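To keep things clear, I will list the structure first and then write my remarks on it.
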Number of protein chains: 2
Amino acid sequence: MPARQTSKPRISKPRARRQTPETRPYHHGDLRRVLIDAALQLAAEGAEVSVREAARRAAVSPGAPFRHFPNRDALMAAVAEEAQRRFRVEIEAALAEASSIDPLARFRAFGIAYVRWAMHNPAHFEIISTGRYFAYGSSAELIRDNAELVALSERMLAEAASQGLLRSPDLKRTLIAGRALIYGFARMNLDGHFPRWGVEEGEIERMAEGVIDLFIAGIAKG
Amino acid sequence: MPARQTSKPRISKPRARRQTPETRPYHHGDLRRVLIDAALQLAAEGAEVSVREAARRAAVSPGAPFRHFPNRDALMAAVAEEAQRRFRVEIEAALAEASSIDPLARFRAFGIAYVRWAMHNPAHFEIISTGRYFAYGSSAELIRDNAELVALSERMLAEAASQGLLRSPDLKRTLIAGRALIYGFARMNLDGHFPRWGVEEGEIERMAEGVIDLFIAGIAKG
DNA sequence: CCGAAATGTAATCGATGATTACATAATGGA
DNA sequence: TCCATTATGTAATCATCGATTACATTTCGG
């Protein structure tokens, strides 16, 4: 039988507590948090996110993560939560900065911020948008965060409609069209379609603005 | 030459015969083809496409596929080629059936056929659109097929422009916008976004038409 | 202070992509 | 026709991965 490995002299270091009243980690300090960060970084590096690699970066055994996440999908869901939170913060900051009264101008700022974030954080955007890496319904926070962004879009267009700015009376249709346009543009970039469509790398951001403007001009009355 | 059918003593191989009706020869007839079909079917079933499972379905050893594909990505690229071919055939058939002179009506038919195919073949659509499963540049046929569809879209809009049907003089921008809208809609469905946006399953196809109509009305002059 | 709960480790499992050495079939030149 | 070469499939093996289990250790509450 292999001799039991003597355990490392663990220095008990009281780490900073999270404010959230969740499961409080004991041994590692805050392994759950560290694992999420490691996974986020892996995603940001474009590497494949594996539980083992996250554990490796946290300097912990391969089985340890499963004390905090029932399976890989749960880890990915937590990663998505964090990415979604950052996404929402960024979008709301951009809207706050825009500070326009015109709802269509706000919609424009929203769309541009959306595409820009997706361009700068491709791996995170991928994780939060496809639902390929985890069961979407597994995270209430993710659902809530997303619903708020949906509601935000709805409000902008509803306001535009109430001011008589829109051509179509079908608000839902207009909303879905705008969303499809923005999401589609972001994904075309992420999925590497633009080279096939003759759109150069440095041209993409400008093209995003142009395309959103064209859409708004199309739905605006007059 | 008449293929010599050899009797097979097959002493050293008590291997279990698979359910193939004829006694399976040592050499598979067209393993490459069969592997692609098996992988296509796996994708269609929504299962994860693994080389081993494809080999299993072809009743062949796990290493055999690597005689035909240098690695998994190459298999996936071949699968994407086949899926893309079917996709193109379907789109062109839909356009032929539309047989409208109006370029914008043709664009509409194109978009609807696009979304419909993506809805009915989610796994295939995923494979050909993301480039996550293989290196896109690895297949000349894939590039060519795709370029033809791009050119097809361009022609439709260029024709519309030449007939003075478009509001914007920026053809490229209009093209990208239309593509982003259609691709985005198809992906929203594939990525499971519609429930969050209050679009019911049975409503999606109608919504696709509505959204495309709205877009066309937005870019059309008058 | 002590026992229970929390959390980490070691060992192990089955599946996968991939590589290597070897076995067998198919092909074509002498 | 013979047989050597090439194409193609098999067997064995490896490293990695997600996941589970038994066990060790740390922390916390009564």
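Please read these numbers as outputs of a predicted model, since none were measured by experiment. Letters A, B, ... mirror the listed sequences (proteins, then strands); counts begin at 1.
As a whole-Å value, the separation of A/Leu31 CG from D/dT25 P is 19 Å. To the nearest angstrom, C1' of C/dT12 lies 14 Å from CZ of A/Phe66. One can place CG of B/Leu42 at 10 Å from P of C/dT16, the figure rounded to the nearest angstrom. The distance from atom CD of A/Glu53 to atom P of D/dA15 is 17 Å, rounded to the nearest whole Å. The separation between A/Leu35 atom CG and C/dT7 atom P is 12 Å, rounded to whole Å. Nucleotide D/dT16 holds its C1' atom 8 Å from the CZ atom of A/Arg56, rounded to whole Å. Atom pair B/His68:NE2 and D/dT8:C1' shows a separation of 6 Å (rounding to whole Å applied). Look at CD on A/Glu48: it is 11 Å from C1' on C/dG17, rounded to the nearest Å.
Checked against C/dA18, D/dA19, C/dT9, the side chain of A/Ala64 finds its nearest nucleotide in C/dT9. When distances run from any side-chain atom of A/Asn71 to the nucleotides C/dT7, D/dA19, C/dG17, the shortest one goes to D/dA19. In the set C/dG17, D/dC17, D/dA19, the nucleotide with an atom closest to the side chain of B/Ser50 is C/dG17. For B/Val60, the listed nucleotide lying nearest its side chain is D/dT10; candidates were D/dA19, C/dT19, D/dT10.
Put simply, B/Arg52 has no side-chain N or O that comes within less than 4.0 Å of OP1 or OP2 on C/dG14.
Taking 4.0 Å as the cut-off between side-chain N and carboxylate O, B/Glu90 and B/Arg86 do not count as a salt-bridged pair. Between B/Arg32 and B/Glu81 there is no salt bridge, since no side-chain nitrogen of the basic residue lies less than 4.0 Å from a carboxylate oxygen of the acidic one. Under 4.0 Å is where a charged nitrogen must lie from a carboxylate oxygen, and between B/Asp213 and B/Arg108 at least one such pair does. Taking a cutoff of 4.0 Å between a charged side-chain nitrogen and a carboxylate oxygen, B/Asp170 and B/Arg173 qualify as a salt bridge.
Contact check for B/Arg116 versus B/Glu209: side-chain heavy atoms found under the 4.5 Å cut-off.
If you find the closest nucleotide of DNA chain D to B/Ser61 and to A/Asp73, the one lying nearer the 5' end belongs to B/Ser61.
B/Arg32 comes within 4.0 angstrom of nothing in the nucleic acid, heavy atoms only. Here A/Arg72 lies in heavy-atom contact (under 4.0 Å) with sugar-phosphate atoms only.
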